[in-house]
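See structure below.
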Amino acid sequence: MNSTPVAASNFIRTIIDGDLASGKHASIVTRFPPEPNGYLHVGHAKSICLNFGLAQDYQGKCNLRFDDTNPEKESEEYALSIQEDVRWLGFAWEGSVHWASDYFDDLYNFAVELINKGLAYVDDLSPEQMREYRGTLTQAGRNSPNRDRAPADNLDLFARMKAGEFADGAMVLRARIDMASPNMNMRDPAIYRIRRAHHIRTGDQWCIYPMYDYTHCISDALEGITHSICTLEFEDHRPLYDWVLDNLSITCHPRQYEFSRLELQYTITSKRKLLNLVNENKVLGWDDPRMPTISGMRRRGYTPEGIREFCRRIGVSKSTNNVDMAIMEGAIREDLEARAPRVVAVINPLKVIITNYEGATEREADFHPQHPEFGKRRVALSSTLVIEADDFAEVPPAGWKRLTLGGEVRLRHSYVMRCDEVIKDADGKVIELRCSIDHATLGKNPEGRKVKGVIHFLSCQHALPAEIRLYDRLFTVSEPDADKDVNFFDYLNPESLTVVQGFVEAVVQDAATETRYQFERLGYFCTDRRDHQPGGKLVFNRTVTLKDSWIK
RNA sequence: UGGGGAGUCGCCAAGUGGUAAGGCAACGGGUUUUGAUCCCGUCAUUCGUAGGUUCGAUCCCUACCUCCUCAGCCA
């Protein structure tokens with residue numbers, strides 16, 4: 001994007017402006033804190049653009065920190081994919097990657113500090129009992145019988161938890177806050193549990209793992225984060241975030257701010273549900289081009305610039321938002337429009353014989369109408385062509401500008417052509433057209449008449465076969481997971497993928513993987529990262545169609 | 001019916017006491033050998049509702065309505 005639009009004002013920037021102006025902070029430090037338990041999706045892209053974008057705009061820093069406190073769900077594969085996605089999106093984190101597990105020792109020591117202060121205790125209530133003791137939304141909870149255990153005893157028990165003396169789930173360490181708090185998160189939340197699971201970083205070194213609420217704030221503080229930005233569902237965790245830091249000997253106390261998470265129409269942005277789609281083989285993997293994952297969007301042909309522009313356009317606020325897919329498509333098109341070379345492909349071929357081909361000549365055509373520097377190529381022509389079947393109609397609807405029997409049309413970058421005869425098979429299906437060209441129309445308009453339609457074509461003997469994958473929305477309804485009583489699988493769009501064997505211009509033969517083109521009049525396409533073979537099997541993914549003001 | 005949030009154009013989203021930015025979409029018109037792009041124009045007397053304060057309110061006050069969110073030893 002050549003225009004560098006000023007970042008839109010939002011409440012977080014307003015807060016930062018204030019903090020900088022008042023001298024509360026000399027510069028800012030943010031962080032992007034994913035759990036390596038799945039692939040990143042478009043919602044994470046929003047968070048990434050926000051956190052890294054803020055650091056960039058304010059000349060601050062942004063850390064990448066993995067929240068790896070639940071070894072049962074985390075894997076190296078996820079951690080690797082997340083780093084790749086962040087980099088691909090165009091961001092660089094400050095220094096090396098951080099991991100919450102880097103702080104396991106500190107976290108343990110801080111827990112000891114809490115115990116010594118009488119602010120944490122070991123509890124062996126069963127999960128069921130704990131739930132009972134917790135009370136309900138309208139009813140205060142009750143104190144656990146273990147709540148007043150002496151610090152010395154808690155210390156001993158906690159050390160033995162760490163030493164592996166107790167079974168998984170036998171007991172937890174709890175923060176001692178207030179069982180009657182109207183905020184459920186403050187009713188003595190568990191901050192450590194016993195879980196013998198192999199951790200991707202610390203292996204089998206630990207059998208106790210700290211919980212998110214306890215870990216996150218301390219990790220932020222240890223990294224000197226100034227603005228800890230997360231989504232709205234953590235709003236009522238903020239008192240706990242502050243409670244932990246207020247009661248520990250840490251001088252740094254980052255402030256947490258929450259923004260509303262992104263909802264994109266006709267798709268889902270829940271890691272768990274995306275995992276379901278993958279596990280149940282509803283899609284071909286995390287990077288299936290229909291997935292709203294960063295790797296899926298990448299494979300489909302979305303560009304980092306386009307996704308970033310999308311994030312800029314949707315803004316950041318606290319109100320619930322359900323973003324129209326058109327905003328994403330608009331941002332992607334804008335980027336691709338400027339940078340994708342034009343080429344011709346035919347996805348639904350109809351044979352055309354030019355009966356008066358004798359003497360016809362070829363022309364060259366620019367790869368981009370606004371960018372002559374993209375170069376040009378020869379447009380192959382011969383007496384046997386394929387055009388898009390959709391560009392011919394025996395009985396044209398009102399307003400039709402394309403080919404019809406007896407009508408004329410401009411062959412893109414070539415002659416004006418008239419259809420003289422329609423050939424059909426036994427079923428009455430049009431299988432071939434006999435046409436003639438006006439030899440006086442190469443590079444100029446015909447005299448005495450206007451030809452309004454332009455269609456694309458390929459010369460049969462020059463075109464290359466290609467597999468073209470046409471993608472449509474993954475779901476049939478705009479909010480597939482809105483109804484809790486209906487499985488979102490029920491709304492899967494059976495036509496979300498259509499694979500077609502079509503033809504492309506020969507110039508595209510050696511295109512590398514992830515090469516983007518505009519197939520004129522059809523849309524933007526990208527060679528598939530996995531299956532496309534330069535010089536061999538050509539595989540294109542349709543990224544997005546062109547805007548189409550022709551109402552069918 | 002407890003706590004915490006949110007309600008400004010079809011979708012996002014600024015503005016927060018001085019008389020409603022912008023983007024996307026849509027709709028007109030122009031250019032065009034892509035029904036694309038590009039260009040020009042139109043698109044909230046109104047800011048969830050009802051009262052109140054004020055010379056003046058989307059912005060302050062009161063009440064109400066609607067939606068989201070919290071009872072994992074997940075994050």
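The model shown is predicted, which means the values in this text are computed figures rather than measured ones. Below, chain A is the first sequence line, B the second, and so on; all start at residue 1.
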Worksheet item: Given the rule in the ring pair (Phe, Tyr, Trp, His ring centres under 6.0 Å) test, do A/F104 and A/H199 qualify, once you have shown the distances and angles that lead to the verdict?
Response: CA-CA 12 Å; A/F104 279 176; A/H199 186 281; 5.6 Å; yes
Worksheet entry | Members of residues 160-174 of chain A that approach RNA chain B, where some heavy atom sits under 4.0 Å away | A/G169, A/V172
Item to complete: Please determine if a side-chain N or O atom of A/R272 lies less than 4.0 Å away from the OP1 or OP2 oxygen of B/A75.
Response: no
Discussion item. So, OP1 or OP2 of B/A75: does either fall under 4.0 Å of a side-chain N or O from A/T69?
Written reply: yes
Worksheet item: Looking only at atom P, what distance separates B/C9 and B/A14, rounded to whole Å?
Response: 13 Å
Worksheet item: Without hydrogens or angle criteria, can the side chains of A/R363 and A/H413 be said to hold a donor-acceptor pair below 3.5 Å?
Response: no
Item to complete: State whether A/K271 and A/E35 are salt-bridged, where the test is any N-O pair (Lys NZ or Arg NE/NH1/NH2 against Asp/Glu carboxylate O) under 4.0 Å.
Response: no
Worksheet item: Can you list the residues that meet the salt bridge (charged side-chain N to carboxylate O under 4.0 Å, His left out) rule with A/K73, with sequence neighbours excluded?
Response: none
Worksheet entry | Candidates B/A25, B/G4, B/C73 - which lies nearest the side chain of A/A326 | B/A25
Discussion item. When the P atoms of B/G3 and B/C11 are compared, how many Å lie between them, rounded to an integer?
Written reply: 31 Å
Item to complete: Could you check how far CD of A/Q139 sits from C1' of B/C70, rounded to whole Å?
Response: 16 Å
Response to the item:
Taking a pair to mean Watson-Crick or G-U wobble geometry with both distances below 3.5 Å, B/C74 pairs with none
Worksheet item: Stacking here means centres under 5.5 Å and planes under 30°; does A/W550 stack on B/G35?
Response: yes
Worksheet item: Cation over ring, A/R149 on A/Y121, under 6.0 Å and within 45°?
Response: no
Fill in: Base partner of B/A6, which must satisfy Watson-Crick or wobble distances under 3.5 Å
B/U66
Worksheet entry | Assigned partner base of B/C38, Watson-Crick or wobble definition, under 3.5 Å | B/G30
Discussion item. Is it the case that the side chains of A/R31 and A/H216 hold a donor-acceptor pair, with the cut-off being a distance below 3.5 Å and no angle test?
Written reply: yes
Practice prompt. Using ring pair (Phe, Tyr, Trp, His ring centres under 6.0 Å) as the criterion, list what pairs up with A/Y524, not counting sequence neighbours.
Written response: none
Discussion item. For a quick check under 3.5 Å, do A/E263 and A/N322 share a side-chain donor-acceptor pair by atom type?
Written reply: no
Worksheet item: Which residues in residues 181-191 of chain A have at least one heavy atom lying under 4.0 Å from any atom of RNA chain B?
Response: A/P182, A/M184, A/A190
Practice prompt. Check every strand shown and say whether A/G141 touches a base, only sugar-phosphate, or nothing at a heavy-atom separation below 4.0 Å.
Written response: nothing
Practice prompt. Remember a base hit wins even if backbone is also touched, and classify A/H237 as base, sugar-phosphate or nothing at under 4.0 Å, heavy atoms.
Written response: base
Item to complete: With C1' as the reference atom in both, quote the distance from B/C73 to B/C60 in angstrom, rounded to an integer.
Response: 47 Å
Worksheet item: Among all residues two or more places apart in sequence or in another chain, which pass the ring pair (Phe, Tyr, Trp, His ring centres under 6.0 Å) test with A/H41?
Response: A/H44
Item to complete: Can you tell me the distance, in whole Å, between the CG atom of A/D68 and the P atom of B/A75?
Response: 10 Å
Worksheet item: Base, sugar-phosphate alone, or nothing: which one does A/F234 contact when heavy atoms must sit under 4.0 Å apart?
Response: base
Worksheet item: For A/R147, which residues count as a side chain to side chain donor-acceptor pair (under 3.5 Å) partner, sequence neighbours excluded?
Response: A/D188
Response to the item:
For A/F66, the ring pair (Phe, Tyr, Trp, His ring centres under 6.0 Å) test, sequence neighbours excluded, returns A/W99
Collect all protein-nucleotide pairs involving nucleotides 10-19 of chain B in which both atoms are nitrogen or oxygen and the distance is under 3.5 Å.
from: B/C11; atom 1: O3'; to: A/N322; atom 2: O; distance (Å): 3.0
from: B/C11; atom 1: O2'; to: A/N322; atom 2: O; distance (Å): 3.1
from: B/C11; atom 1: O2'; to: A/D324; atom 2: N; distance (Å): 3.0
from: B/C12; atom 1: OP1; to: A/N322; atom 2: N; distance (Å): 2.6
from: B/C12; atom 1: OP1; to: A/N322; atom 2: O; distance (Å): 3.4
from: B/C12; atom 1: O2'; to: A/I314; atom 2: O; distance (Å): 2.7
from: B/A13; atom 1: OP1; to: A/S317; atom 2: OG; distance (Å): 2.5
from: B/A13; atom 1: OP2; to: A/S319; atom 2: OG; distance (Å): 3.4
from: B/A14; atom 1: OP1; to: A/V316; atom 2: O; distance (Å): 3.0
from: B/A14; atom 1: O3'; to: A/S9; atom 2: OG; distance (Å): 3.4
from: B/G15; atom 1: OP1; to: A/S9; atom 2: OG; distance (Å): 3.2

Worksheet item: Tell me: CD of A/E388 to C1' of B/G35, nearest whole Å?
Response: 14 Å
Worksheet item: Pairs in or reaching into residues 157-180 of chain A: which pass ring-ring contact (aromatic ring centres under 6.0 Å, His included), with residues at least two apart or in two chains?
Response: A/Y108-A/F158, A/F158-A/Y192
Worksheet item: When you compare B/C74 with B/A36, how far apart are their C1' atoms, in angstrom units rounded to a whole number?
Response: 47 Å
Discussion item. With rounding to the closest Å, how many angstrom separate the C1' atoms on B/U45 and B/U8?
Written reply: 15 Å
Discussion item. Work out how far the C1' atom of B/G48 is from that of B/G56, and round it to whole angstrom.
Written reply: 23 Å
Worksheet item: Is there a donor-acceptor contact under 3.5 Å linking the side chains of A/E77 and A/Y39?
Response: yes
Practice prompt. Between B/G17 and B/G10, how far apart are the C1' atoms? Round to whole Å, please.
Written response: 31 Å
Discussion item. Any residue in residues 32-39 of chain A with a heavy atom nearer than 4.0 angstrom to RNA chain B? Just list them by number, or reply none.
Written reply: A/E35
Worksheet item: Atom CG of A/L240 to atom P of B/A75: distance rounded to whole Å?
Response: 12 Å
For nucleotides 31-34 of chain B, give me every protein contact, N/O to N/O, under 3.5 Å, one pair per line with atom names.
from: B/U33; atom 1: O3'; to: A/R412; atom 2: NH1; distance (Å): 3.2
from: B/U33; atom 1: O2'; to: A/R412; atom 2: NH1; distance (Å): 2.1
from: B/U33; atom 1: O2; to: A/H413; atom 2: N; distance (Å): 2.5
from: B/U33; atom 1: O4; to: A/R363; atom 2: NH1; distance (Å): 3.1
from: B/U33; atom 1: O4; to: A/R410; atom 2: NH1; distance (Å): 3.0
from: B/U33; atom 1: O4; to: A/G443; atom 2: N; distance (Å): 2.7
from: B/U34; atom 1: O4'; to: A/E520; atom 2: OE1; distance (Å): 3.4
from: B/U34; atom 1: O2; to: A/Q518; atom 2: OE1; distance (Å): 2.8
from: B/U34; atom 1: O2; to: A/R521; atom 2: N; distance (Å): 3.0
from: B/U34; atom 1: N3; to: A/Q518; atom 2: OE1; distance (Å): 2.6
from: B/U34; atom 1: O4; to: A/R342; atom 2: NE; distance (Å): 2.5
from: B/U34; atom 1: O4; to: A/R342; atom 2: NH2; distance (Å): 3.1

Fill in: Integer angstrom distance from the P of B/U31 to that of B/C40
15 Å
Item to complete: Cation-pi check, A/R473 to A/Y266: give yes when NZ or CZ is under 6.0 Å from the six-membered ring centre and within 45° of the ring axis, no otherwise.
Response: yes
Discussion item. On the side chain of A/R402, is there an atom forming a donor-acceptor pair with the base of B/G35 - under 3.5 Å, no angle test?
Written reply: yes
Fill in: Flag if over 12 foreign heavy atoms under 6.0 Å of CD, A/E447
no
Worksheet entry | Partner residues of A/D236 under the side chain to side chain donor-acceptor pair (under 3.5 Å) criterion, sequence neighbours left out | none
Fill in: Length of the CZ-P vector between A/R333 and B/C38, whole Å
12 Å
Practice prompt. Give A/M328 one of three labels, base, sugar-phosphate or nothing, depending on what nucleic acid heavy atoms sit under 4.0 Å from its own.
Written response: nothing
Worksheet item: B/C24, B/C70, B/U1: which one has an atom nearest the side-chain heavy atoms of A/D236?
Response: B/C70
Worksheet item: Going by atom types alone, do A/D213 and A/N185 pair a side-chain donor with an acceptor below 3.5 Å?
Response: no
Worksheet entry | Test of ring centre spacing under 6.0 Å for A/F367 and A/Y517 | no
